[in-house]
Amino acid sequence: MVDRSPFVVVANRLPVDEVTTDTPGGRDTGSGRRWRRSPGGLVTALHPVLVERHGTWIGWAGSPGPAPEPFELDGINLRPVPLSEEDLERYYEGQSNATIWPLYHDNVEPPVFRRRWREAYRVVNRRYAEAAAEVAAQGATVWVQDYQLQLVPSMLRELRPDLKIGFFLHIPFPPIELFMQLPQRAEVLRGLLGADLVGFQQRLAAQNFIRLARHLLGTPYHGNVIEYEGRQVKADAFPISIDVGEMQRLADNPLVRERAIQIRAELGDPKTVILGVDRLDYTKGIEHRLKAFRELLGAGRLSVPEAVMVQVATPSRERVEHYQALRIKVEREVGRINGDFGRVGVPAVHYLHQSYSRSELAALYCAADVMMVTPLRDGMNLVAKEYVAARLEHGGALVLSEFAGAAGELRQAFLCNPHDLDAVKDALMRAVTVDEHEARRRMSVMQRHLRRHDVARWASDFLTELGAIP
Ligand code: ADQ
């Protein structure tokens, strides 16, 4: 049994991966199973806070079926929550990723609504809330993460009114007209209003939330504070960031630099390497980006082998139908471009449907002259920030969608509307042809911003604001 903690993080997933017998490393936690901390900005930012405050992280351990016993790893208490195959299908793939995810991303794919998914979402959210109620010490701070767990704040408040509850949404929060389509709308809204502080990536999202509460429940508000059931709920923006130091150290590592040179050589030492790195998700605008590249090649504004594109598309949510359809469309487009513009041994697009280590990603960032981040809608987009952090020499150009949260901060990127193909093409051409002095100037302004706003600051800003709430 884990001791009661004064600080608890609740997220869909625990920040650990089970290490199988054929993978080296990991630590045996006493049960015969071995675990290793998974890479990721959230755990990096929260690790020191969790260790200092004797904290507990609640989440799913990654395999369906009964949950492993609570264990400790690198100074963090981990409390696994069980998810069955059916929970995964209904709560995770269904309600979270086929209903809420597309709806909150401007309906770029039509959301699917199923009653049994909603019920599973409710049941699983209650399970997480009960786990949090069990491990939180009297008056503890509990920080709930993301769209899979929007009902947890109110459920937890009911069980434990003594707690201070924060919630952070990593994805966009839609405008009223879209949110109103959600069959569970009032329940989700009330779920979030169970928190003392609701954090969003952008100010606009916080405003959408405040207006929605007024529209749906008639809650009065002043500034960014909502009056709800005799309590005050604050809604504010906390743009998430990355571990800037980690990315800069990687980019400065001689092995990574060597690898970047090798990657360029393997690509045939082209004049311009254009890179895309995304989860294979329909919100990321991968198809639009490929089409823009194809039209530029077709019009002779770019040509192979002077320019090549590398598109890394990390496998993601492969059992959800939208994602299977997207994979087919992207692979068809890559095939078409290579068929029309490639030569033997010189493809126009190098398409990689694989996961990479942090150092290989850093090497790719170092190797790329132009980074294309063109989501149709994105809460923040960490890839854009990672690219900027990796460009130690201050060169390189970032093409960035206005619909990524990151566009609110990285103003020196080549911004574009990803729905407007001509605008994407123009932004890409401006990035390809920018002179070196101008590219360095833009990159160094963005780097300075990131150095002052890394993920540790994001976590401390949120927790300080939550702590200041009486
Ligand atoms: P995501 O939609 O997953 O995150 P993003 O912010 O770009 O999107 O983060 C992706 C992360 O995965 C990056 O750190 C990137 O380096 C890594 N990654 C991508 N491809 C990889 C590969 N092939 N191998 C290994 N790692 C890879 C959600 C929201 C975002 C928000 C984040 C954080 O959708 O808008 O920025 O949460 O809040």
Side-chain angles (χ1 to χ4, degrees), residues 9 11 13-17 19 23-27 35-52 55 57 73-76 143 145 168 170 201 238-263 275-279 312 314 354-368 371 373 378-396 398 400 404-406 409-410 413 443-463:
V9 171
R13 191 75 167 79
L14 285 176
V16 294
D17 293 313
V19 181
T23 330
R27 269 195 32 222
W35 303 89
R36 146 175 93 193
R37 208 181 339 149
S38 49
L42 190 61
V43 59
T44 310
L46 295 179
H47 189 259
V49 193
L50 283 156
V51 171
E52 189 190 306
W57 190 308
L73 187 73
D74 298 345
I76 309 182
W143 192 2
Q145 308 285 328
F168 185 77
H170 290 255
Q201 302 276 23
F238 301 88
I240 200 168
S241 192
I242 56 163
D243 183 349
V244 178
E246 178 231 30
M247 189 45 75
Q248 292 191 327
R249 277 191 297 281
L250 280 172
D252 206 18
N253 180 321
L255 292 176
V256 171
R257 289 173 167 242
E258 193 56 42
R259 175 69 189 133
I261 294 168
Q262 194 186 4
I263 290 171
L275 176 67
V277 174
D278 314 79
R279 272 188 310 97
V312 175
T314 321
Q354 294 159 39
S355 274
Y356 289 103
S357 64
R358 300 296 296 161
S359 58
E360 183 69 5
L361 272 185
L364 281 163
Y365 294 142
C366 292
M371 180 84 212
V373 179
D378 214 331
M380 177 52 62
N381 197 294
L382 300 181
V383 168
K385 293 190 170 181
E386 287 168 358
Y387 178 70
V388 170
R391 302 302 298 186
L392 285 177
E393 264 80 47
H394 300 310
L398 172 65
L400 181 60
E409 296 167 84
L410 304 178
M443 203 52 85
S444 68
V445 175
M446 294 191 285
Q447 284 212 339
R448 221 175 308 135
H449 172 85
L450 281 190
R451 277 198 295 271
R452 286 196 307 261
H453 297 88
D454 74 352
V455 71
R457 166 146 177 206
W458 166 80
S460 97
D461 283 354
F462 185 95
L463 291 171

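Across every non-hydrogen atom of Cys366 and Ala251, the tightest pair is SG-CB, 3.8 Å. Closest approach of Glu409 and Pro239 over heavy atoms only: OE2-CB, 3.5 Å. A pairwise comparison of heavy atoms in Ser38 and Asp17 identifies CB-OD2, 3.2 Å as the closest pair. In plain terms, the two heavy atoms of Ala404 and Asn381 that are nearest each other are CB-CB, 4.3 Å. Nearest approach of Trp35 to Leu73, heavy atoms of both residues: O-CD1, 4.0 Å.
Side chain of Glu386 to main chain of Ala362: no donor-acceptor pair is present (N/O by atom type, distance under 3.5 Å, no hydrogens or angles). Distance alone, capped at 3.5 Å, places no donor-acceptor pair between the Tyr387 side chain and the Leu275 backbone. Under a 3.5 Å cut-off, the side chain of Ser355 and the backbone N or O of Thr314 do not form any donor-acceptor pair. In this structure a side-chain-to-backbone donor-acceptor pair under 3.5 Å is present from His47 to Asp74.
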Inset, instruction - Evaluate side-chain contact (heavy atoms from CB on, under 4.5 Å) for Tyr365 paired with Leu250, printing each intermediate quantity in order. - result: CA-CA 11 Å; Tyr365 294 142; Leu250 280 172; over 6 Å; no
Inset, instruction - Decide yes or no on side-chain contact (heavy atoms from CB on, under 4.5 Å) for Met371 and Val277, but give the supporting numbers first. - result: CA-CA 8 Å; Met371 180 84 212; Val277 174; 4.0 Å; yes
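Rounding to the nearest 0.5 Å places CG of Leu410 at 11.0 Å from CD of Gln447. Rounding to the nearest 0.5 Å gives a distance of 6.0 Å between CE of Met443 and CZ of Arg391. One finds the NZ atom of Lys385 at 5.5 Å from the NE2 atom of His449 (value rounded to the nearest 0.5 Å). In this structure, OG in Ser241 is found 12.0 Å from CZ in Arg452, a value given to the nearest 0.5 Å.
Pairs of residues two or more places apart, or lying in two chains, that qualify as salt bridge (charged side-chain N to carboxylate O under 4.0 Å, His left out) and include a residue from residues 245-257 are Glu246-Arg358, Asp252-Arg257, Arg257-Glu393.
Residues passing the side-chain hydrogen bond (donor to acceptor under 3.5 Å, both in side chains) test with Asp454, sequence neighbours excluded: none. Shown here are the ring pair (Phe, Tyr, Trp, His ring centres under 6.0 Å) partners of Phe462, two or more places apart in sequence or in another chain: Trp143, Phe238.
Between Leu255 and Arg259, the closest side-chain pair of non-hydrogen atoms is not below 4.5 Å.
Classification of the His170-Phe168 ring pair by plane angle, with boundaries at 30° and 60°, yields perpendicular.
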